There are 2 protein chains.
Amino acid sequence: MTELPIASVNETRWLDEEQQRIWRAFLGGMTVLTDRLDRDLRTEHGLSMSEYEILVRLSEAPDRSIRMADLAAALSHSRSRITHTISRLERDGIVQRVQCDTDGRGVTAVLTDKGFDLLATAAHTHVRGVRDYLIDRASPEDLTALGRVMSAVQEAIGGRRF
Amino acid sequence: MTELPIASVNETRWLDEEQQRIWRAFLGGMTVLTDRLDRDLRTEHGLSMSEYEILVRLSEAPDRSIRMADLAAALSHSRSRITHTISRLERDGIVQRVQCDTDGRGVTAVLTDKGFDLLATAAHTHVRGVRDYLIDRASPEDLTALGRVMSAVQEAIGGRRF
DNA sequence: AGCACGTCGTTGAACTTTCAATCAAGTCGT
DNA sequence: ACGACTTGATTGAAAGTTCAACGACGTGCT
């Protein structure tokens, strides 16, 4: 044997100094950012971030309604989690459950007017946060890079949850 | 009045198309990435990601021990959360609690040998994940940008939790 | 010394998420 | 039409996180 392989089969390649610094910044920034956005939403509108995300999706969908499983897939949540969350939102009059007419198993969640109004109000808080804590802190080029990297991550992991 | 202000005081500036695309990629990538890393650690070593992070910090600290409040601060967790998590880790023999001798209130968590061994094993899984799903998916320039942006985010939000 | 105030860590209850089990309904092959 | 298999949604219990309250201790002021 004379040349290859450069990296042998099962050896773990550790992160170098710089990669580690980046990874920790990512982890820390992510934690602090989601915590903060969640807290702002919660204290000002009584909505968690994931509830907010559900409302956003619903508000953009035709008839402001999406089937449970599609919601779960869109947000990478388990079906069970969506069931529980929608139950709470329904109890509070923010969404409504409707039996799906084309599929006997299906249930679609519909955003109520009250839910839409709540979202319209909460959106100010949320967007302000996203700007203040992220968008306005980075150059356009860095933001583009951020988008590129995170899209690649999604690509790399794909839909598979199990 | 003739010129300024360009943006008036309290108007919400919405995200443009591109910013929104980036923000969603970030949110989605983040969710999918942390879910995946968490799941890998959990199934292969019975450790959650936040437990893993605690072990990492402890392993790097002098005497492999850190005071509860410092752990909480370092990971941006509540003190209560650290108490509960450390209790579980202690029950499993992974850390130990020691009364602090310089401060009557203080408790420091110490990584046991068993905990250190577990971490040494789990680290392979974790680092492979970070590489496969993130580091190896992006150019060095983009990674640098990522680090820069996320550091700025941390800077923007700072330590304030409430 | 005494007192007010802040910090440290814990506790238990409420809430949210996960996990495994279940039931109902659609799909496919024969 | 039948059975096997997959998918959609729910359920309840277990596990984890948040929240408010508490007791113990340190700090600083008078």
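Lettering of chains follows the sequences in order, A, B, ..., and the numbering in each one begins at 1. Source: prediction; values computed, not measured. The analysis underlying the following values was restricted to heavy atoms, covering all of them including side chains, and did not include hydrogens, waters or symmetry mates.
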A.B. asks: What is the separation between atom CG on D38(B) and atom C1' on dA15(D), rounded to the nearest whole Å?
C.D. replies: 13 Å
A.B. asks: Evaluate the side-chain proximity of R137(B) to V149(A): yes if any heavy-atom separation is below 4.5 Å, no if none is.
C.D. replies: no
A.B. asks: Check the distance between dT18(D)'s P and I82(B)'s CD1 and give it to me in whole angstrom.
C.D. replies: 10 Å
A.B. asks: Could you tell me, to 10°, how much the axis swings from one end of the helix from dA1(C)-dT30(D) to dT30(C)-dA1(D) to the other, five pairs per end?
C.D. replies: 30°
A.B. asks: Which residues, if any, of residues 40-61 of chain B bring a heavy atom under 4.0 Å of DNA chain D?
C.D. replies: S50(B)
A.B. asks: If you find the nucleotide of DNA chain D closest to G106(A) and the one closest to R81(B), which residue's nucleotide is nearer the 5' end?
C.D. replies: G106(A)
A.B. asks: Are L146(A) and M150(A) close enough that some pair of their side-chain heavy atoms sits under 4.5 Å apart?
C.D. replies: yes
A.B. asks: Looking at side-chain heavy atoms only, is the closest gap between R97(B) and V110(B) below 4.5 Å?
C.D. replies: no
A.B. asks: Should the heavy atoms of other residues, nucleotides or ligands under 6.0 Å from CD of Q99(A) be counted, would the total exceed 12?
C.D. replies: yes
A.B. asks: Could you work out the complete set of other residues in the hydrophobic cluster of L55(A), with links drawn between I, L, V, M, F, W and Y side chains under 4.5 Å apart?
C.D. replies: L41(A), L47(A), Y52(A), I54(A), V56(A), L58(A), I66(A), M68(A), L71(A), L75(A), I82(A), I86(A), L89(A), I94(A), V95(A), V107(A), L111(A), F116(A), L118(A), L119(A)
A.B. asks: When you measure from the side-chain N and O atoms of R67(B) to the phosphate of dG9(C), is any distance below 4.0 Å, counting only OP1 and OP2?
C.D. replies: yes
A.B. asks: Using a 6.0 Å cut-off, check whether atom CD of E90(A) has over 12 heavy atoms from anything other than its own residue.
C.D. replies: yes
A.B. asks: Evaluate whether atom CG of D113(A) has more than 12 neighbouring non-hydrogen atoms of other residues, nucleotides or ligands under 6.0 angstrom away.
C.D. replies: no
A.B. asks: Taking E51(B) as the fixed residue, which of R81(B), R42(B), R88(B) is the one that meets the salt bridge (Lys or Arg N to Asp or Glu O under 4.0 Å) rule?
C.D. replies: R88(B)
A.B. asks: Say whether, by atom type as modelled, one donor and one acceptor occur between the side chain of T112(A) and the main chain of G93(A) under 3.5 angstrom.
C.D. replies: yes
A.B. asks: Applying salt bridge (charged side-chain N to carboxylate O under 4.0 Å, His left out), can you list everything that pairs with R79(A), at least two apart in sequence or on another chain?
C.D. replies: none
A.B. asks: For the residue pair F26(B) and F26(A), categorise the inter-ring angle as parallel (less than 30°), tilted (30 to 60°) or perpendicular (more than 60°).
C.D. replies: perpendicular
A.B. asks: Counting only side-chain nitrogens and oxygens, does R88(A) get under 4.0 Å of the OP1 or OP2 atom of dT17(C)?
C.D. replies: yes
A.B. asks: Is the shortest heavy-atom distance from the side chain of S139(B) to the side chain of R148(A) under 4.5 Å?
C.D. replies: no
A.B. asks: What is the distance, rounded to the nearest whole Å, between atom CE of M68(A) and atom P of dG26(C)?
C.D. replies: 18 Å
A.B. asks: If we ignore hydrogens and angles and just use 3.5 Å, is the side chain of D16(A) paired with the main-chain N or O of E18(A) as donor and acceptor?
C.D. replies: yes
A.B. asks: Between dG16(D) atom C1' and I86(B) atom CD1, what is the distance in whole Å?
C.D. replies: 14 Å
A.B. asks: From CZ of R79(A) over to C1' of dT22(C), roughly how many Å is that when rounded to an integer?
C.D. replies: 13 Å
A.B. asks: In whole Å, what is the span from the CD1 atom of I66(A) to the C1' atom of dA9(D)?
C.D. replies: 16 Å
A.B. asks: Enumerate the residues from residues 89-105 of chain B whose closest heavy atom to DNA chain D is under 4.0 Å, giving them by residue number; use none for an empty result.
C.D. replies: D103(B), G104(B), R105(B)
A.B. asks: Before accepting this row, confirm whether a basic side-chain N of the pair D103(A)/R67(A) lies closer than 4.0 Å to the acidic partner's carboxylate O.
C.D. replies: yes
A.B. asks: Between protein and nucleotides 11-14 of chain C, what N or O pairs are separated by less than 3.5 Å?
C.D. replies:
unit_1  : atom_1 : unit_2 : atom_2 : d
dT11(C) : O4     : S80(B) : OG     : 3.1
dG12(C) : O6     : H84(B) : NE2    : 3.1

